[in-house]
Protein chains: 2
Amino acid sequence: MKNVTLKDVAMKAGVSPSTVSRVVSDDSRISEKTKQKVLKVMNELNYYPNSIARSLANKKTDTIGVIMPSYEEDIFMNPFFQEGLRGISLVTGKNSYDILIATNHEGEKDVDVLKRVIKGNRVDGIILTRSNEKDESIKYLRESNFPFVLIGSCLEYDDIPSVDNDNEKASYELTSLLIKKGRKKIAFIGGELHSVVIKNRFEGYKKALNDNNIKFNHEYLISDKFSEESGYKLTDKLLKLNDIPDSIIVADDLMSLGAMKKIKEEKYKVPKDIMLASFNNSILAKYSNPSITSIDINSVQLGKRACEKLFNILNNNKKLENNKEIVEYKIIERDSTKII
Amino acid sequence: MKNVTLKDVAMKAGVSPSTVSRVVSDDSRISEKTKQKVLKVMNELNYYPNSIARSLANKKTDTIGVIMPSYEEDIFMNPFFQEGLRGISLVTGKNSYDILIATNHEGEKDVDVLKRVIKGNRVDGIILTRSNEKDESIKYLRESNFPFVLIGSCLEYDDIPSVDNDNEKASYELTSLLIKKGRKKIAFIGGELHSVVIKNRFEGYKKALNDNNIKFNHEYLISDKFSEESGYKLTDKLLKLNDIPDSIIVADDLMSLGAMKKIKEEKYKVPKDIMLASFNNSILAKYSNPSITSIDINSVQLGKRACEKLFNILNNNKKLENNKEIVEYKIIERDSTKII
DNA sequence: CTGTTAGCGCCTTCAA
DNA sequence: TTGAAGGCGCTAACAG
């Protein structure tokens, strides 16, 4: 069963293909009468435009590419990405766009995926969902001048359109909260250190210590992968120090669950012996026992704003809006930092 | 800066376009020598094929469509979809495919999205991530004879290529577990009742009751949306009955957290007063307090197998393999059903 | 093994 | 307001 083409519609309606094309793309210069006639035939024939052919002709795909972690990475499962995707899909839907999730083909590095997708004309724009130090993808996108928005921040360039929380400030506040509660031996557990988010959070932590005349103890900074298991292992290290911390800032809820598990196993009490404060405020933090104080980073909003910004760029709505947009965070204080 | 085309490569290499095309598609009937020559030029010119043009010419997009819940639905946030997507992306990557997430454009119903994507030639195949009773999407896909695989089951047709757990059996086992522990007043909290998964799980529950000569109490079956909040509210209803249940089967971890919260608020003890057993075994179940017995449905595997099945269909690897594939589940028993 | 010739289905000048 | 013609970049016969 062959697909109905624009030509078929044209024939049956007794008009030229270009006329039908104009109806499809809602061109104004066309009489209401022929428009209705064509629409009727389109309906009768159950015609749908071939979007591949359209894309080829007008160089527009009505698709944006979202770069997620590759399936091998633990972080793929972080609720953050799902929430961000939800925000993005809300905006793409409103703009009649769809989303392409490019996956790493055999042997492809992240930049290769980008190149293939962009040079292959598969998308009109890109959303990056995270950033690393000296990020190759950002570098490539910037140099190729392809429309994109970063969820996160970029350390090297100042002209990257991006949406992010003020992670440094959030971390500063979170650390200050612990200090206010009388804690001085505050450790920091992070995910991969080349990740910009982690760097920012670490900076805020260090600054808070500094501003409160607490000297930074190198033993108290440890980091590894972004997983629950890694939270567990890192905490184990902390608890084996001669001078164990009285509180921990953890860069992600998932990791903090691992941390909590280890702390309990070693018979320490949260928050009495060790306070715990974390980031991302996924549902995990709320239902942990004790519940975990966490920074709500509003991931859905991050995705939403990133996508809106991308559409602004695509539509050339001048870049009057600031390149770097900040989404508000909120400290959700829970039992893990409440003195009882 | 115009993109380098196949033609440019052909000229510079001194061969015809078709020769270059053959190199791109790794056609066998071409001499190693010219192949190398062309590859060299492709490299020099930094050529990438325009995949839109390819698709138009050969009617193949190297993309599969994954139908997720729309952004308005609470269930969008269920970890299940993220895990399934991870499994899918593993397989698409291996097959050099990408994933299109079609979003509901303004005013589009679910079937409309399907039609647009399929008739628009945007994908080679579709993966449906859930199913409802009298599912319009399934009906449409089946009738249009478009390659697709369902993660889940279909009640109406027997010839739908699908991958699913044996949810009825799983639920039967879970219920039997509670019965074995001496519970007789077992309630069932489900998500939307038109969802096939819920129906299956409910059937298993009922069958287990039946086989154990426990009469099914209609007051003990309640259901609503697939959210934490709905779990909370539904449990509230249960606890207001004259004869409150001594255990609850909950159709999803997220809901069971809501249930747990309500139970605690009303000062009942889990598992002593009320046992709780749930489905999906997301990390939430593990870290709840008390931890929740849950069925591990192996979502990543569901996604993976669904995608592999889809590729089998696309490659005409005869349908020798059974249409309905079952992925094993596992009961993970935790504190919420352990008598202490 | 390689080149030539037509399209794939649509959009976009340009002319009428 | 409409139609004709050419082209988007690539592939698929068909020759040779």
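Below, chain A is the first sequence line, B the second, and so on; all start at residue 1.
Residues satisfying the side chain to side chain donor-acceptor pair (under 3.5 Å) criterion with A:Thr61, sequence neighbours excluded, are A:Asp124. Residues forming a side-chain contact (heavy atoms from CB on, under 4.5 Å) with A:Asn46 (at least two apart in sequence, or on another chain): A:Tyr48, B:Lys119. Evaluation of the side chain to side chain donor-acceptor pair (under 3.5 Å) rule for B:Asp135 yields no partner, not counting sequence neighbours. For B:Glu108, the side-chain contact (heavy atoms from CB on, under 4.5 Å) partners two or more places apart in sequence, or in a different chain, are B:His105, B:Asp112, B:Val113, B:Arg116. Checked against side-chain contact (heavy atoms from CB on, under 4.5 Å), A:Arg142 has the following partners two or more places apart in sequence or in another chain: A:Tyr157, A:Asp159, A:Ile160. With sequence neighbours left out, A:Thr63 forms a side chain to side chain donor-acceptor pair (under 3.5 Å) with B:Arg122. The ring-ring contact (aromatic ring centres under 6.0 Å, His included) test applied to B:Tyr97 returns B:Phe311, not counting sequence neighbours.
Residue B:Lys12 qualifies as enclosed at atom NZ: its count of foreign heavy atoms under 6.0 Å is above 12.
Recorded end-axis angle for the helix from C:dC1-D:dG16 to C:dA16-D:dT1 stands at 30°, based on five pairs per end and rounded to 10 degrees.
Checked for salt-bridge contact, B:Glu308 and B:Arg305 meet the test: a charged N lies under 4.0 Å from a carboxylate O. In this structure, B:Asp26 pairs ionically with B:Lys35, as a charged nitrogen and a carboxylate oxygen lie closer than 4.0 Å.
Under a 3.5 Å cut-off, the side chain of B:Ser162 and the backbone N or O of B:Ser153 do not form any donor-acceptor pair. A donor-acceptor pair is defined here as one N or O able to donate and one able to accept, closer than 3.5 Å; such a pair exists between the side chain of A:Glu73 and the backbone of A:Ser70. Under the 3.5 Å distance criterion, the side-chain polar atoms of A:Glu325 are left unmatched by any main-chain donor or acceptor of A:Val163.
Residue contacts for B:Pro49: at a heavy-atom cut-off of 4.0 Å it reaches the sugar-phosphate backbone alone, with no base atom in range.
In this model, a donor atom of one side chain and an acceptor atom of the other lie less than 3.5 Å apart for B:Ser16 and B:Thr19.
Residues from residues 54-64 of chain B lying near DNA chain C, meaning a heavy-atom separation below 4.0 Å, are B:Leu56, B:Ala57, B:Lys59 in numerical order. Residues from residues 30-48 of chain B with heavy atoms under 4.0 angstrom of DNA chain C, sorted by number: B:Ile30, B:Ser31, B:Thr34.
Mapping heavy-atom proximity under 4.0 Å, the span of DNA chain C touched by chain B runs 5' to 3' from C:dC1 to C:dG9.
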Within the sub-3.5 Å range, which N or O atoms of nucleotides 13-16 of chain D have a protein N or O partner, and how far apart are they?
residue : atom : partner : partner atom : Å
D:dA13  : N6   : B:Arg22 : NH2          : 3.4

